[in-house]
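A quick write-up on the structure given underneath.
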Amino acid sequence: MGKQEEFVLRALEERDVRFVRLWFTDVLGSLKSVAVAPAELEGAFAEGIGFDGSAIEGFARVYEADMLAKPDPATFQILPWRGDGPATARMFCDIVMPDGSQSYADPRFVLQRTLSKAAAQGFTFYTHPEVEFYLFKDRPGDGAVPEPVDSSGYFDHTSQGYGRDFRREAITILESMGISVEFSHHEGGPGQQEIDLRYADALTTADNIMTFRVVIREVALGQGLYATFMPKPFTEHPGSAMHTHLSLFEGDRNAFFEAGAEYHLSKTGRAFIAGLLEHAAEITAVTNQWVNSYKRLAGGGEAPSYVCWGHNNRSALVRVPMYKPTKGQSTRVELRSVDSAANPYLAFAVTLAAGMKGIDENYELPAGAEDDVWSLTEAERRAMGIAPLPQNLDDAIAVMEGSELVAETLGEHVFDFFLRNKRAEWAEYRRQVTEFERTRMLPVM
């Protein structure tokens with residue numbers, strides 16, 4: 001048994017931990033959890049905890065259902081919201097088959113595989129997400145319009161407000177679990193919040209995002225509120241993004257930084273951006289995986305709908321933030337399409353794969369767009385070579401289906417399941433008769 005496993009077993013006794021929750025995600029990014037008693041954990045480290053993989057979205061067919069969840073001791077944390085009684089802890093798991101091989105259906109393994117390929121070339125991939133979400137006064141009923149907790153706007157400060165107290169409690173819990181928060185503030189929509197997590201390696205960040213979602217929902221419930229990461233809950237208000245800052249490091253050196261270069265962006269950084277742009281349409285079904293995701297992308301404002309990059313341009317798909325002269329290590333790029341409901345393991349995997357393809361194939365970075373891309377006419381965008389992102393889930397699926405890059409990154413099992421699931425979602429969505437149709441058509445037809 002390794003030192004990390006021994007540390008966890010000691011911590012269980014010292015902290016009076018009575019339950020350990022083992023977490024993993026399905027292909028769609030839904031969190032799964034099984035609770036084990038501390039006495040069972042040593043066996044779980046050695047052999048894993050068995051479960052029926054055919055009951056998990058995208059994991060296995062019935063005749064190959066047996067799977068094992070093996071806890072990763074490096075992810076051990078006490079859950080601080082579980083009350084004053086005996087403690088409850090959690091660990092993320094790697095999913096393995098009965099023969100000990102890792103499951104190709106496990107989204108965490110999809111990301112680990114992609115990170116390993118980059119590591120073989122000397123790169124460590126860091127991500128820094130800005131997570132937006134809405135707070136409602138209570139859980140909306142079926143079809144009901146939710147009521148936001150406030151009517152405040154971007155960066156508003158209110159002396160008395162749900163959001164301020166909510167963010168303070170949520171951040172206190174996140175910090176107690178070792179998840180560092182960089183900024184928090186009220187976002188542009190009524191009841192909309194943003195909490196930015198400090199940069200970390202992509203696997204740690206993906207684990208942190210899954211924990212973040214649980215913490216946000218737990219704190220909301222504790223305050224009699226309801227939190228949602230739905231990409232676009234309101235027609236008239238901004239959607240919830242997860243703008244993600246990306247960087248590659250070679251050891252302690254930022255591979256995107258080059259002193260004296262334009263925007264201090266190295267050849268590696270430029271090729272990475274070119275890869276993101278070249279494969280943007282192919283990866284959109286993963287970074288924006290729900291039918292509702294495309295309501296946000298079509299909403300204008302700062303939601304990207306076109307494939308372009310720019311320096312400090314918040315209407316572009318990829319933004320190069322303003323350079324800080326004394327902080328060359330902070331040189332990074334920001335991908336603005338990702339929404340808060342994405343599966344972070346798969347989203348980070350395809351994002352890294354697209355950027356690395358640009359580096360491997362030495363893609364040339366096209367000219368940047370410094371105008372507000374939304375304000376340009378279609379003719380102007382065509383003249384500048386700015387193509388649209390997929391405009392709905394059906395378009396995104398069609399482009400992804402022909403992508404060798406996404407198929408190779410996700411692996412055959414995840415790739416096929418994801419496409420089948422999303423086709424079914426789109427087919428169900430197309431059959432729905434909406435309030436828009438009834439309002440427009442019933443009175444005149």
Side-chain angles (χ1 to χ4, degrees), residues 114 117-127 202 243-250 253-287 304-323 328-338 347-374 376 378-390 396 399-400 402-409:
T114 312
K117 290 181 180 178
Q121 296 178 241
F123 293 116
T124 305
F125 183 45
Y126 287 94
T127 57
H243 302 150
T244 303
H245 297 251
L246 316 168
S247 57
L248 290 177
F249 273 68
E250 294 176 295
R253 188 184 73 82
N254 187 341
F256 285 0
F257 173 71
E258 181 183 330
E262 186 179 22
Y263 312 134
H264 297 275
L265 191 63
S266 69
K267 182 180 178 182
T268 298
R270 296 176 69 84
F272 190 94
I273 296 173
L276 291 177
L277 300 180
E278 177 69 24
H279 300 285
E282 300 166 44
I283 68 174
T284 298
V286 180
T287 58
S305 196
Y306 300 95
V307 180
C308 60
W309 75 282
H311 175 55
N312 220 30
N313 184 348
R314 294 178 188 275
S315 68
L317 173 67
V318 178
R319 181 176 79 98
V320 178
M322 191 172 293
Y323 171 70
Q329 294 294 74
S330 70
T331 301
R332 62 199 184 277
V333 302
E334 178 190 26
L335 181 63
R336 298 179 61 81
S337 57
V338 190
F348 289 167
V350 296
T351 298
L352 174 59
M356 289 301 300
K357 187 75 169 179
I359 294 171
D360 294 342
E361 302 288 334
N362 199 23
Y363 288 178
E364 196 69 34
L365 183 63
E370 298 307 328
D371 297 312
D372 177 359
V373 183
W374 278 97
L376 300 174
E378 286 294 334
E380 287 171 331
R381 283 191 286 263
R382 280 197 302 271
M384 295 172 67
I386 298 175
L389 282 172
V399 181
M400 173 180 159
S403 171
E404 290 184 14
L405 177 98
V406 178
E408 181 183 343
T409 303

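None of Leu276, Leu277, Val333, Leu317 except one satisfies the side-chain contact (heavy atoms from CB on, under 4.5 Å) rule with Trp309; the exception is Leu277. Under the ring pair (Phe, Tyr, Trp, His ring centres under 6.0 Å) test applied with Phe256, the options Phe123, Phe272, Tyr263 reduce to a single match, Phe272.
Lys117 meets the salt bridge (Lys or Arg N to Asp or Glu O under 4.0 Å) test with Glu408; sequence neighbours excluded. When the salt bridge (Lys or Arg N to Asp or Glu O under 4.0 Å) test is applied to Glu380, no partner is found at least two apart in sequence or on another chain. Residues passing the salt bridge (Lys or Arg N to Asp or Glu O under 4.0 Å) test with Arg382: none are found, sequence neighbours excluded.
Two residues are said to be in side-chain contact when any heavy atoms from C-beta on lie closer than 4.5 Å; Asp360 and Gln121 meet this criterion. Looking at heavy atoms from C-beta onward, His311 lies out of side-chain contact with Leu265 at the 4.5 angstrom threshold. Between Thr244 and Thr287, the closest side-chain pair of non-hydrogen atoms is not below 4.5 Å. Contact annotation: the side chain of Leu405 approaches that of Ile283 to within less than 4.5 Å [non-hydrogen atoms, C-beta and beyond]. Under the 4.5 Å side-chain criterion, counting only non-hydrogen atoms from C-beta, Val399 is not in contact with Thr284. The shortest side-chain heavy-atom distance between Tyr306 and Met384 does not fall under the 4.5 Å cut-off.
Residues Ser330 and Arg332 share a closest heavy-atom pair of O-NH1, 2.9 Å. Nearest heavy atoms, Ala349 versus Thr114: O-CG2, 3.5 Å. Of all the heavy atoms in Leu352 and Ala118, the pair that sits closest is CD2-CB, 4.1 Å. Of all heavy-atom pairs spanning Ala316 and Pro304, the tightest one is O-CB, 4.0 Å. Of all non-hydrogen atoms in Lys267 and Asn362, the two that sit nearest each other are CE-OD1, 3.4 Å. Nearest heavy-atom pair across Val406 and Ser403 is N-OG, 3.0 Å.
Atom SG of Cys308 and atom CG of Leu376 lie 8.5 Å apart (nearest 0.5 Å). Atom-to-atom distance recorded for Tyr126:OH and Phe348:CZ is 14.0 Å, nearest 0.5 angstrom. Atom OG1 of Thr268 and atom CD1 of Ile273 lie 11.5 Å apart (nearest 0.5 Å).
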Would you check, one step at a time, whether the test side-chain contact (heavy atoms from CB on, under 4.5 Å) holds for Glu361 with Glu278?
CA-CA 11 Å; Glu361 302 288 334; Glu278 177 69 24; over 6 Å; no

Mind running side-chain contact (heavy atoms from CB on, under 4.5 Å) on Thr331 and Val320 for me, showing each step along the way?
CA-CA 8 Å; Thr331 301; Val320 178; 5.8 Å; no

Please lay out, stage by stage, how His279 and Val350 fare under the test side-chain contact (heavy atoms from CB on, under 4.5 Å).
CA-CA 9 Å; His279 300 285; Val350 296; over 6 Å; no

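Remark: side-chain polar atoms of His245 are not paired, donor with acceptor, to backbone N or O of Glu334 under 3.5 angstrom. Looking at Ser266, its side chain does come within 3.5 Å of a backbone N or O of Ala255 through a donor-acceptor pair. Within the 3.5 Å criterion, the main-chain N or O of Arg336 finds no donor-acceptor partner in the side chain of Arg319.
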